Structures are given as C-alpha cells and as structure tokens.
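Atom set for the values below is all heavy atoms of this structure, side chains included, hydrogens, waters and symmetry mates excluded. Fair warning: this is a prediction, and the values are worked out from it, not measured in the lab.
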Amino acid sequence: MFEIAPNFDDQPQIRAALTDSRIPLEQCFDKMLEQVPGWAWENAERRKVSLAWFPDLLADDRGQP
C-alpha cells in the first residue's frame with residue numbers, strides 16, 4: 001500500500017486475491033503477493049489516488065458530506 005498506492009486494492013486482481021474466501025485470513029497477504037501478476041501491480045500504481053490517504057477529503061472532493 002505504501003509503495004504502490006493507498007487504493008491499491010481497487011485493482012480487480014488484487015481485490016480478488018484479498019477477498020478470496022478459500023484462503024485463510026492469516027495467509028491472505030502472502031497468497032496475494034504470489035498470485036497477483038506484475039501487470040496488475042503496475043495498473044494499481046497508475047490508478048493511484050493520493051487523496052485515498054485522507055478519506056474525508058476524498059469524500060469532500062466528490063461532493064459528499
């Protein structure tokens with residue numbers, strides 16, 4: 001998250017690996033690193049939303065209360 005983007009889990013392949021109910025929670029991070037291809041990480045980095053570090057500001061930026 002710190003190296004790629006705060007919203008790295010918006011990338012579909014990364015999100016799928018993180019939410020795979022077949023993988024025990026304690027193994028989820030390691031499995032994600034093994035299973036997600038390099039291009040998906042590059043895609044997540046390109047889609048970086050720096051304001052995701054500050055969700056309150058992001059909500060304001062989108063016109064939400």
> Going hydrophobic residue to hydrophobic residue with side-chain gaps under 4.5 angstrom, can you get from I23 over to L33?
Replying inline: no

> Residues two or more places apart in sequence or in another chain: which of them pass side-chain hydrogen bond (donor to acceptor under 3.5 Å, both in side chains) with R22?
Replying inline: D20

> Which heavy-atom pair separates R47 from Q11 by the least distance, and what is that distance?
Replying inline: NH1-CA, 3.8 Å

> What is the minimum heavy-atom distance between A17 and C28, and which atoms define it?
Replying inline: O-SG, 3.8 Å

> Can you name the residues that form a side-chain hydrogen bond (donor to acceptor under 3.5 Å, both in side chains) with E45, not counting sequence neighbours?
Replying inline: none

>> Rounded to the nearest 0.5 Å, what separates atom CG in N43 from atom CD1 in I14?
In response: 8.0 Å

> Got a sec, which pairs hit side-chain hydrogen bond (donor to acceptor under 3.5 Å, both in side chains) with one end in residues 24-41, sequence neighbours left out?
Replying inline: none

